[in-house]
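Mind looking over this structure? Questions follow.
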Amino acid sequence: MKEYKRYTLTAALPYANGPIHFGHLAGVYIPADIFARYLRGKSLDIIFVCGSDEHGVPITIKAKNEGVSPQDVVDKYHSLNKESFERLGISFDIYSRTTSPVHYETATEFFKTLYNKGEFIEKTTEQYYDPEAEQFLADRYITGTCPRCGNENAYGDQCENCGSSLNATDLINPQSMISGAVPVLKETNHWFLPLDKYEAFLKKWILEDNKHWKPNVYGQCKSWLDGGLQPRAVSRDLDWGIPVPVKGAEGKVLYVWFDAPIGYISATRELTPDWEKYWKSEDTRLIHFIGKDNIVFHCIVFPAMLNAEGSYILPENVPANEFLNLEGDKLSTSRNWAVWLHEYLDEFPGKQDVLRYVLCANAPETKDNDFTWKDFQARNNNELLAIFGNFVNRTMVLTHKYFGGKVPAQAELSDFDHEVLEQFEKSKQAIEKSLDTFRFREALKEAMDLARLGNKYLADTEPWKIFKTDPERVRTILNISLQLTANLSILFDPFLPDTSSRLRKMIDLKNFSWADGGRKDLLEVNHLLNQPELLFERIEDEVIEAQLQKLKNNKLDNENKALVSEPSKSAVSFDDFGKMDIRVATILSAEKVAKTKKLMKLLVDTGIDKRTVVSGIAEFFEPENLVGQKVCILLNLEPREIKGIQSQGMILLSENADGKLFFVEPRPEAVNGSMVK
RNA sequence: GGCGAGGUAGCUCAGCUGGUUAGAGCGCAUGAUUCAUAAUCAUGAGGUCGGCGGUUCAAGCCCGCCUCUCGCUACCA
């Protein structure tokens with residue numbers, strides 16, 4: 001590999017509309033921090049930057065819902081998350097935020113550079129505008145009736161009832177959420193980054209020059225590149241964000257995806273006046289730690305921006321992780337199905353390293369993984385405590401018991417002694433090899449295996465049995481056990497910084513660095529050890545039960561919420577109702593529409609004719625079970641072509657909270673063609 | 001449906017460019033041990049490597065088809 005003089009590590013900027021949960025940690029912050037600590041331990045020139053991502057529409061909506069200002073929202077979560085990271089021992093050199101003045105300056109300059117180079121294209125489009133509030137409306141700020149399912153409380157970007165994604169202009173009876181006014185379409189112009197223009201460059205850079213990226217990252221990029229890239233708007237009509245620094249762009253701000261990654265650069269500027277060498281020097285290795293949801297931004301969009309700007313380096317690697325599930329279910333902030341970091345830190349004081357250990361050992365490096373509290377307990381009790389903590393304690397207790405806490409001298413060494421001593425360096429190298437390739441789970445296991453060897457060493461040499469007959473031998477054994485202990489305090493340091501530091505205090509080891517790992521003489525003869533204390537404590541079943549109960553309660557709350565029915569729609573006249581021609585009909589034949597997941601092509605006998613209807617029911621019904629099914633059909637709905645098939649009418653179905661569909665089924669005696677009224 | 005990633009012991013995962021009886025940790029069983037937070041150490045049971053077919057002297061690994069999970073995407077009158 002190329003020789004690098006310095007490292008710039010970034011961890012995804014957490015969005016400041018909520019707290020950090022375990023998924024963020026396992027996927028991004030714990031691996032990033034381990035890597036940062038490891039490199040620092042090697043005395044390399046590194047910076048590790050992060051910060052809060054504080055712009056964008058979701059924050060303005062949250063603020064509105066809570067009756068506070070967007071600044072209040074981001075202030076709250078910025079300080080909560082900053083503090084949580086610190087308590088967990090995430091060693092950012094700086095944790096900044098995208099509302100900082102430096103960031104405004106950086107992002108503005110960045111935009112201006114691209115603007116002046118003519119890298120943007122300008123387009124005029126029609127968007128909804130609230131005449132009362134005198135502002136353009138983000139899609140999320142518009143409600144109306146969903147054209148698909150008739151839900152009256154659909155948002156401009158998505159209907160939460162039927163799950164379909166919408167354009168605000170699709171909504172029937174649109175309404176501004178700000179003033180309640182009926183929005184009007186108004187022309188507005190925006191700047192776009194023509195990603196398609198950088199396609200050739202990106203293809204070469206990723207597909208040819210970066211074959212070493214992780215398969216999930218590489219594959220995802222390939223998929224996007226093969227699909228073709230589209231110009232992406234870099235500005236929005238919004239009052240929360242960084243103003244577009246162009247004349248005549250009043251009321252427009254930089255789109256959050258554009259300003260957020262620049263936050264890495266701003267954070268670096270804030271950190272050091274020497275920031276440029278970390279971003280513009282070819283001998284700097286830039287690494288982005290992110291989750292898989294962020295791959296496209298960090299591998300395609302941001303590099304395109306950096307490339308267009310011209311003076312920046314590109315990431316050398318983007319070791320994105322997959323997702324962490326919780327007790328078998330996907331994490332969900334809105335459903336409150338998550339374990340929140342700040343709550344964990346409060347409920348498990350002093351156990352930040354346990355969390356670091358468990359989430360690293362079970363990190364979703366190659367595929368989605370599951371976090372369970374039972375596994376958390378098992379890893380604490382059977383690995384941290386039983387293997388690591390126990391070995392250290394045995395060694396310490398024996399040394400105090402036999403030699404008053406002073407490091408005894410080695411005498412003649414057996415083959416096994418040599419073997420154990422040699423293993424120090426081997427373990428260190430194995431850990432390095434794994435960390436260098438972002439295999440954090442494997443690296444951690446290597447470290448734990450050294451503690452394992454320690455236990456085996458004691459079990460095989462049995463110093464407690466031979467102390468009376470052969471104290472010389474016991475001196476050797478404990479000296480080696482102590483050297484091993486000292487190595488553990490160094491090799492575990494990137495993973496478990498708090499534990500390692502407590503361990504070093506216990507054995508009074510100072511002035512160490514990663515380079516000292518592997519040494520066989522870390523503790524001098526007669527060096528006085530402090531009193532042993534336990535590194536880990538057992539986690540009892542009750543504690544785990546309590547956590548599971550807490551999750552169960554969350555789930556129950558959610559289910560109760562889901563049972564709430566939609567409020568009734570506004571009144572319609574009898575005439576309006578009478579316009580609808582709903583009839584009894586029978587399905588004559590059914591087949592799945594090729595190349596779709598949900599669509600079923602139905603031939604129905606309506607009593608007056610036989611017609612074709614396309615319906616989105618294929619996920620719930622088998623074609624053979626549909627023949628003979630009596631249904632209600634809306635006959636006079638305007639025909640529409642779907643996947644090349646003319647659909648003439650709509651079958652009426654009811655939908656449960658979980659999305660399951662049921663036919664509105666007439667009695668068997670009802671004949672085809674009879675009116676439903 | 002398209003694209004991407006995955007499907008290996010009860011659980012969580014390794015298996016690099018195809019090469020002898022497929023590995024680890026946890027869990028389980030048996031034995032040893034008592035310095036240690038009922039911790040440790042040894043041994044063992046347990047796998048048609050998602051399914052079928054193909055290439056090859058040889059396939060968990062390569063190719064084709066199918067199937068399941070996750071993500072992106074299309075479709076929902």
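Letters A, B, ... mirror the listed sequences (proteins, then strands); counts begin at 1.
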ask   = Looking at RNA chain B, which of residues 288-303 of chain A put a heavy atom within less than 4.0 Å of it?
value =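 Correct list: K292(A).
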task = Consider the side chain of R441(A), meaning its heavy atoms from C-beta on, and name the nucleotide among C35(B), A14(B), U40(B) that approaches it most closely.
result =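 Output: A14(B).
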message = I want to confirm an ordering. Mapping W224(A) and E322(A) to their closest nucleotides on RNA chain B, which one lands closer to the 5' end?
response =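 Its nucleotide being nearer the 5' end, the pick is E322(A).
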key: Protein-nucleotide distance (E327(A), atom CD; U12(B), atom P), rounded to Å   =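 Nearest whole value for this atom pair: 12 Å.
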Acceptor/donor pairs from residues 450-459 of chain A side chains to any protein atom, 3.5 angstrom cut, sequence neighbours excluded:
unit_1: R452(A); atom_1: NH1; unit_2: D449(A); atom_2: OD1; d: 2.9
unit_1: N455(A); atom_1: OD1; unit_2: R394(A); atom_2: NH1; d: 2.9
unit_1: N455(A); atom_1: ND2; unit_2: I387(A); atom_2: O; d: 3.0
unit_1: K456(A); atom_1: NZ; unit_2: D460(A); atom_2: OD2; d: 3.1
unit_1: Y457(A); atom_1: OH; unit_2: D417(A); atom_2: OD1; d: 2.7

key: Separation of U40(B) C1' from N455(A) CG (nearest whole Å)   =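 Answer to the nearest Å: 6 Å.
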request  = Scan V613(A) against the nucleic acid and name what it touches under 4.0 Å (heavy atoms): base, sugar-phosphate only, or nothing.
outcome  =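 Here V613(A) touches no strand at all.
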query = Given atom CZ of F440(A) and atom P of G25(B), what is their separation to the nearest angstrom?
reply =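 That distance rounds to 23 Å.
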message = Within the 4.0 Å heavy-atom criterion, would you say K374(A) contacts the bases, only the backbone, or no part of the nucleic acid?
response =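 Contact class for K374(A): none.
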ask   = When you measure from the side chain of K367(A), which nucleotide among G4(B), U8(B), G25(B) comes out closest?
value =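 So the side chain of K367(A) is nearest to U8(B).
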key: Spacing of the P atoms in A22(B) and G50(B) (rounded, Å)   =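 It works out to 15 Å between them.
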key: Of residues 456-473 of chain A, the positions that come close to RNA chain B - non-hydrogen atoms, cut-off under 4.0 Å   =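 Within this stretch, K456(A), A459(A), D460(A), W464(A), K465(A) sit under 4.0 Å of the strand.
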request  = Could you provide the dot-bracket string of RNA chain B, using ( ) for intrastrand pairs, [ ] for crossing pairs and | for bases paired to another strand, with Watson-Crick or G-U pairs below 3.5 Å?
outcome  = (((((((..((((.....[...)))).(((((.......))))).....(((((..]....))))))))))))....
message = Counting the atoms with a prime plus P, OP1 and OP2 as sugar-phosphate, which does F391(A) contact under 4.0 Å by heavy atoms, base, sugar-phosphate, or nothing?
response =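 Answer is nothing: F391(A) stays at 4.0 Å or more from every strand.
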Nearest-Å distance once atom C1' is located in both U48(B) and U8(B) =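 Roughly 13 Å separates the two C1' atoms.
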query = Quick check, are the ring centers of W373(A) and F348(A) under 6.0 angstrom apart?
reply =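 Between W373(A) and F348(A), the centre distance is under 6.0 Å.
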query = Quick one: does N390(A) reach the base of A39(B) with a side-chain donor-acceptor pair under 3.5 Å?
reply =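 For N390(A), whose side chain was compared with the base of A39(B), there is no donor-acceptor pair (under 3.5 Å).
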query = Hey, does the side chain of D353(A) reach the backbone of T499(A) with a donor-acceptor pair shorter than 3.5 angstrom?
reply =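 Such a contact is found between D353(A) side chain and T499(A) backbone.
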inquiry  = Taking the cut-offs as 6.0 angstrom to the six-membered ring centre and 45 degrees off its axis, would you call K630(A) and F663(A) a cation-pi pair?
reply    =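 The answer is no, since K630(A) fails at least one limit relative to F663(A).
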query = Heavy atoms under 4.0 Å, any strand shown: does K330(A) hit a base, just sugar-phosphate, or nothing?
reply =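 Contact class for K330(A): sugar-phosphate only.
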query = When you compare G19(B) with A5(B), how far apart are their C1' atoms, in angstrom units rounded to a whole number?
reply =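 The answer is 28 Å between these two C1' atoms.
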key: Spacing of E537(A) atom CD relative to A38(B) atom C1', expressed in whole Å   =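 About 17 Å, once rounded to whole Å.
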Separation of atom CG in D226(A) from atom P in A74(B), rounded to whole Å =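 Rounded to the whole Å, the gap is 17 Å.
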query = Going by an N to O cut-off under 4.0 Å, is there a salt bridge joining E322(A) and K367(A)?
reply =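 No, this pair does not count.
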Those residues that, when tested against H288(A), pass ring pair (Phe, Tyr, Trp, His ring centres under 6.0 Å) (two or more places apart) =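 With sequence neighbours excluded, H288(A) shows a ring pair (Phe, Tyr, Trp, His ring centres under 6.0 Å) to Y264(A), H298(A), F302(A), given in chain and number order.
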request  = Output yes when E446(A) and K428(A) qualify as a salt bridge under the 4.0 Å nitrogen-oxygen rule, no when they do not.
outcome  =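 No salt bridge links E446(A) with K428(A).
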task = Report yes or no: does S647(A) contribute a side-chain atom to a donor-acceptor pair with the main-chain N or O of V614(A) at less than 3.5 Å?
result =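 Confirmed, S647(A) side chain pairs with V614(A) backbone.
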P-based separation of C3(B) from C41(B) [nearest Å] =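 Straight-line distance between the two P atoms is 49 Å.
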inquiry  = Less than 6.0 angstrom separating the ring centers of F492(A) and F388(A), yes or no?
reply    =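 That pair passes the under 6.0 Å test.
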ask   = Pairs in or reaching into residues 380-391 of chain A: which pass salt bridge (charged side-chain N to carboxylate O under 4.0 Å, His left out), with residues at least two apart or in two chains?
value =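 Salt bridge (charged side-chain N to carboxylate O under 4.0 Å, His left out) check on residues 380-391 of chain A returns R379(A)-E383(A).
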key: Residues E442(A) and K445(A) bridged, charged N to O under 4.0 Å   =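 Salt bridge flag = no for K445(A) with E442(A).
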Check the interface with nucleotides 16-18 of chain B: list each N/O to N/O pair with the protein under 3.5 Å, or write none.
none

ask   = Within less than 4.0 Å of OP1 or OP2 of G7(B), is there a side-chain N or O belonging to T366(A)?
value =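 Answer no for this pair, as no side-chain N or O of T366(A) is under 4.0 Å from OP1 or OP2.
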Backbone N/O of P494(A) and side chain of R356(A): donor-acceptor pair under 3.5 Å =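 Side chain of R356(A) to backbone of P494(A): a pair is present.
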ask   = Which residues satisfy the ring pair (Phe, Tyr, Trp, His ring centres under 6.0 Å) test with F22(A), sequence neighbours excluded?
value =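 Applying ring pair (Phe, Tyr, Trp, His ring centres under 6.0 Å) to F22(A) gives Y344(A), F371(A).
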request  = Mark yes or no for whether N380(A), through its side chain, and E537(A), through its backbone, hold a donor-acceptor pair below 3.5 Å.
outcome  =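 Yes, because the side chain of N380(A) sits within donor-acceptor range (under 3.5 Å) of the backbone of E537(A).
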key: Inter-nucleotide P distance (C72(B), C62(B)), Å rounded   =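 The same atom, P, in both gives a distance of 27 Å.
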request  = Go through C72(B), G25(B), U37(B) for me and flag the one nearest to the R538(A) side chain.
outcome  =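 Comparing C72(B), G25(B), U37(B) against the side chain of R538(A), the answer is U37(B).
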Worked check of side chain to side chain donor-acceptor pair (under 3.5 Å) between D609(A) and T606(A) = CA-CA 6 Å; D609(A) 59 11; T606(A) 66; 2.5 Å; yes
query = Taking the C1' atom of each, how far is G27(B) from G15(B), in whole Å?
reply =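 Approximately 22 Å lies between the C1' atom of G27(B) and that of G15(B).
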ask   = Which part of the nucleic acid, if any, lies within reach of S615(A) when heavy atoms closer than 4.0 Å are counted: base, sugar-phosphate only, or nothing?
value =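 Sugar-phosphate, backbone atoms only, no base.
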message = Rounded to whole Å, please give me the gap between NZ in K222(A) and P in A5(B).
response =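 Spelled out: NZ on K222(A) to P on A5(B) is 9 Å.
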ask   = Does anything in residues 357-366 of chain A pair up under salt bridge (charged side-chain N to carboxylate O under 4.0 Å, His left out), and if so which pairs, sequence neighbours excluded?
value =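 Listed by first then second residue: nothing to list.
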inquiry  = Rounded to whole Å, please give me the gap between CZ in F371(A) and C1' in C11(B).
reply    =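 Rounding to the nearest Å, CZ of F371(A) and C1' of C11(B) are 15 Å apart.
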ask   = What pairs with D226(A) under side-chain hydrogen bond (donor to acceptor under 3.5 Å, both in side chains), at least two apart in sequence or on another chain?
value =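 Testing D226(A) for side-chain hydrogen bond (donor to acceptor under 3.5 Å, both in side chains), a comparison that skips the adjacent residues, returns K222(A).
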ask   = Taking the same atom, C1', in G23(B) and in A9(B), what whole-Å distance lies between them?
value =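 About 10 Å, rounded to a whole number of Å.
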query = What integer distance in Å separates L453(A):CG from C41(B):P?
reply =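 Distance, rounded to whole Å: 10 Å.
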Please tabulate the protein-to-nucleotide N/O contacts below 3.5 Å involving nucleotides 26-29 of chain B, giving atom names and distances.
unit_1: C26(B); atom_1: O3'; unit_2: N382(A); atom_2: ND2; d: 3.1
unit_1: G27(B); atom_1: OP1; unit_2: N382(A); atom_2: ND2; d: 2.9

inquiry  = Roughly how many Å apart are C11(B) and U30(B), using the P atom of each and rounding to a whole number?
reply    =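 The answer is 22 Å between these two P atoms.
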ask   = Under the 3.5 angstrom rule, does the side chain of Q220(A) hit a backbone N or O of K292(A) as a donor-acceptor pair?
value =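 Between the backbone of K292(A) and the side chain of Q220(A) there is no qualifying donor-acceptor contact (under 3.5 Å).
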query = Who passes salt bridge (Lys or Arg N to Asp or Glu O under 4.0 Å) against D415(A), sequence neighbours left out?
reply =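 With sequence neighbours excluded, D415(A) shows a salt bridge (Lys or Arg N to Asp or Glu O under 4.0 Å) to no residue whatsoever.
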